[in-house]
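Notes for the one structure printed next.
The sequence lines fix the lettering, A, B, ..., with proteins before strands; numbering per chain opens at 1. Model, not experiment: these values are computed from the prediction.
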There are 2 protein chains.
Amino acid sequence: MQNKEIARRVRLFIETCRRHQLKITPQRVGIYRVLIQSQRHPTADLVFRVVKKEFPNISFDTVNRTLSTFAEIGVLDVVETFGGPKRFDPDITDHHHLHCMACGRIIDFEYEGYARLEVPKAIATTFKVISRRVVLKGLCDTCTAKQQMF
Amino acid sequence: MQNKEIARRVRLFIETCRRHQLKITPQRVGIYRVLIQSQRHPTADLVFRVVKKEFPNISFDTVNRTLSTFAEIGVLDVVETFGGPKRFDPDITDHHHLHCMACGRIIDFEYEGYARLEVPKAIATTFKVISRRVVLKGLCDTCTAKQQMF
DNA sequence: TCTTAAATAGGATTGATTCCTATTTGTCAA
DNA sequence: TTGACAAATAGGAATCAATCCTATTTAAGA
Ligand SMILES: [Mn+2]
Ligand SMILES: [Mn+2]
Ligand SMILES: [Zn+2]
Ligand SMILES: [Zn+2]
């Protein structure tokens, strides 16, 4: 990602914080910058270890609390998992997930075919739907290859 | 669920255990009986507390390990969550989930509209897909009603 | 029965998350 | 620019979930 693009997103992020009456702290901006440049779907601990390079005495609690705050204001998504630590997704655009049961990778994909998963009427009238996603369980390319070896 | 239906399912379950060379222990059968009669998507701890009534000195570890074993042999599913303890699903037929972000309930639904979510070619050729499900985030009926009050 | 590997109970350990509180800091109004 | 104050942070403790360890028990086949 270009420095220019990062700067642009940080500006938008700061706007979002202001809208929600959140203080603009160096920690929050630092965590946000790590997040948008991170591999997809990092855990809090991974974000912590990366952001620690820039803020050597940031605490894990701050990172974790901040990620939850970001989820609340819509800066990121908490994604579905099948156990283990929470995983966060800086990509808040509509997309779908394949979970590799062997290595735990979560692979993003988009698909016109289910572009707008319409919600069944019975659900739409009784429940308030916030987000929708197709979740696949399976084996990723690397892990499929490994299995073949036996 | 009828006693007769329970007995039928237990017989099938025992067959499945035999096929996988698993011993038929009273604990395993007890856990299975609790599971098929449980509210949907219980945690290991909930199953433990219920099964404890019949087996007062069963250990949590046994329940937890058994649930994992059941998942391995396809007797149940581990379902997607957004943090918190693992949740298990005795209903292994194809269906979809709505997660209430307020109370944590997972509501099952079926929908002809996504009857067979075909997997995009790009995914199908590189990855081995085991299961597919539409996952909705939202608010359940009860929690939507509560929100209205403010 | 007898044998043996598998399974269990119960406690310890690890891992993830949240809580607690003294201290620091961003923000806003003077 | 400064001062006041609520919000946020650091660091450690506590809680909750999951797994590990090991002595003992038990299901199943001979
Ligand atoms: Mn994603
Ligand atoms: Mn279900
Ligand atoms: Zn993989
Ligand atoms: Zn609810």
Side-chain angles (χ1 to χ4, degrees), chain A residues 10 13-32 34 41-73 75-76 78-88 101 104, chain B residues 10 13-32 34 41-73 75-76 78-88 101 104:
Chain A
V10 168
F13 161 73
I14 287 177
E15 280 315 299
T16 306
C17 285
R18 290 204 203 290
R19 270 204 310 284
H20 289 86
Q21 287 93 44
L22 293 182
K23 292 182 178 174
I24 318 299
T25 66
Q27 290 92 335
R28 279 185 178 146
V29 177
I31 291 166
Y32 181 75
V34 167
H41 320 112
T43 62
D45 184 63
L46 182 63
V47 175
F48 173 59
R49 292 202 310 266
V50 176
V51 86
K52 216 169 156 51
K53 290 171 190 165
E54 195 188 346
F55 299 83
N57 47 7
I58 197 169
S59 70
F60 174 80
D61 189 49
T62 294
V63 174
N64 200 48
R65 192 171 11 80
T66 299
L67 291 171
S68 293
T69 306
F70 286 0
E72 275 166 30
I73 66 175
V75 161
L76 56 77
V78 177
V79 309
E80 73 289 340
T81 54
F82 296 91
K86 280 209 190 94
R87 310 260 308 252
F88 301 91
M101 292 297 111
Chain B
V10 168
F13 162 73
I14 287 177
E15 279 317 298
T16 306
C17 284
R18 289 203 205 292
R19 269 203 310 283
H20 288 87
Q21 289 92 41
L22 294 182
K23 292 182 178 175
I24 318 300
T25 66
Q27 289 93 334
R28 278 185 179 149
V29 177
I31 291 167
Y32 182 73
V34 166
H41 320 113
T43 62
D45 184 64
L46 183 62
V47 175
F48 173 60
R49 291 202 310 267
V50 176
V51 86
K52 217 169 156 48
K53 289 170 190 166
E54 196 188 346
F55 298 83
N57 47 9
I58 197 170
S59 70
F60 174 79
D61 188 50
T62 294
V63 173
N64 199 50
R65 192 172 12 79
T66 299
L67 291 171
S68 292
T69 306
F70 286 0
E72 274 166 31
I73 66 174
V75 160
L76 55 77
V78 176
V79 308
E80 72 289 340
T81 54
F82 296 91
K86 279 208 191 95
R87 310 258 311 249
F88 301 92
M101 291 298 113

Atom pair distance, as rounded to whole Å: [atom1] in [X] and [atom2] in [N]:
X       : N      : atom1 : atom2 : answer
B/Arg28 : D/dA27 : CZ    : C1'   : 10 Å
B/Leu46 : D/dC16 : CG    : C1'   : 16 Å
A/Ile58 : C/dT25 : CD1   : C1'   : 14 Å
A/Phe82 : D/dA18 : CZ    : C1'   : 18 Å
A/Gln27 : C/dT24 : CD    : P     : 14 Å
A/Leu67 : C/dA16 : CG    : C1'   : 14 Å
A/Phe48 : D/dT9  : CZ    : P     : 14 Å
A/Lys52 : D/dT9  : NZ    : P     : 15 Å

Can a side chain N or O of [X] be found less than 4.0 Å away from OP1 or OP2 on [N]?
X       : N      : result
A/Arg65 : D/dA8  : no
B/Thr62 : C/dT8  : no
A/Gln21 : C/dT27 : no
B/Asn64 : D/dA17 : no
B/Lys86 : D/dT19 : yes

Of the listed nucleotides D/dT9, C/dG11, C/dT18, the one nearest the side chain of A/Phe60
C/dT18

Is there a side-chain contact between A/Val78 and A/Phe88 in this structure, where contact means two heavy atoms from C-beta onward sitting under 4.5 Å apart?
yes

Is the shortest side-chain heavy-atom distance between B/Lys86 and B/Thr81 below 4.5 Å?
no

Which residue lies toward the 5' end of DNA chain C, B/Thr66 or B/Gly84, if each is placed at its nearest nucleotide?
B/Thr66

Quick one: do A/Glu80 and B/Phe82 satisfy side chain to side chain contact (heavy atoms under 4.5 Å, CB included)? Show the steps, please.
CA-CA 5 Å; A/Glu80 73 289 340; B/Phe82 296 91; 3.8 Å; yes

Given A/Thr25, A/Thr69, A/Val51, the one that forms side chain to side chain contact (heavy atoms under 4.5 Å, CB included) with A/Ile31:
A/Val51

Test side chain to side chain contact (heavy atoms under 4.5 Å, CB included), reference B/Arg28, set B/Val75, B/Thr66, B/Thr62, output is B/Thr66

At what distance, to the nearest 0.5 angstrom, does CD1 of A/Ile24 lie from OG1 of A/Thr16?
9.0 Å

Measuring from A/His41:NE2 to A/Leu46:CG, what's the distance to the nearest 0.5 Å?
13.0 Å

Where does the angle between the aromatic ring planes of A/Tyr32 and A/Phe13 fall among parallel (under 30°), tilted (30 to 60°) and perpendicular (over 60°)?
parallel

Indicate, with a heavy-atom threshold strictly under 4.0 Å, whether [X] touches base, sugar-phosphate, or nothing.
X       : value
A/Asp61 : base
A/Pro56 : nothing
A/Asn57 : sugar-phosphate

Toward the 5' end of DNA chain D, by each residue's nearest nucleotide, B/Pro26 or B/Arg87
B/Arg87

Might you list the N or O atoms of the protein lying below 3.5 Å from N or O atoms in nucleotides 28-30 of chain D, with each pair's distance?
residue : atom : partner : partner atom : Å
D/dA28  : OP1  : B/Ile24 : N            : 2.8

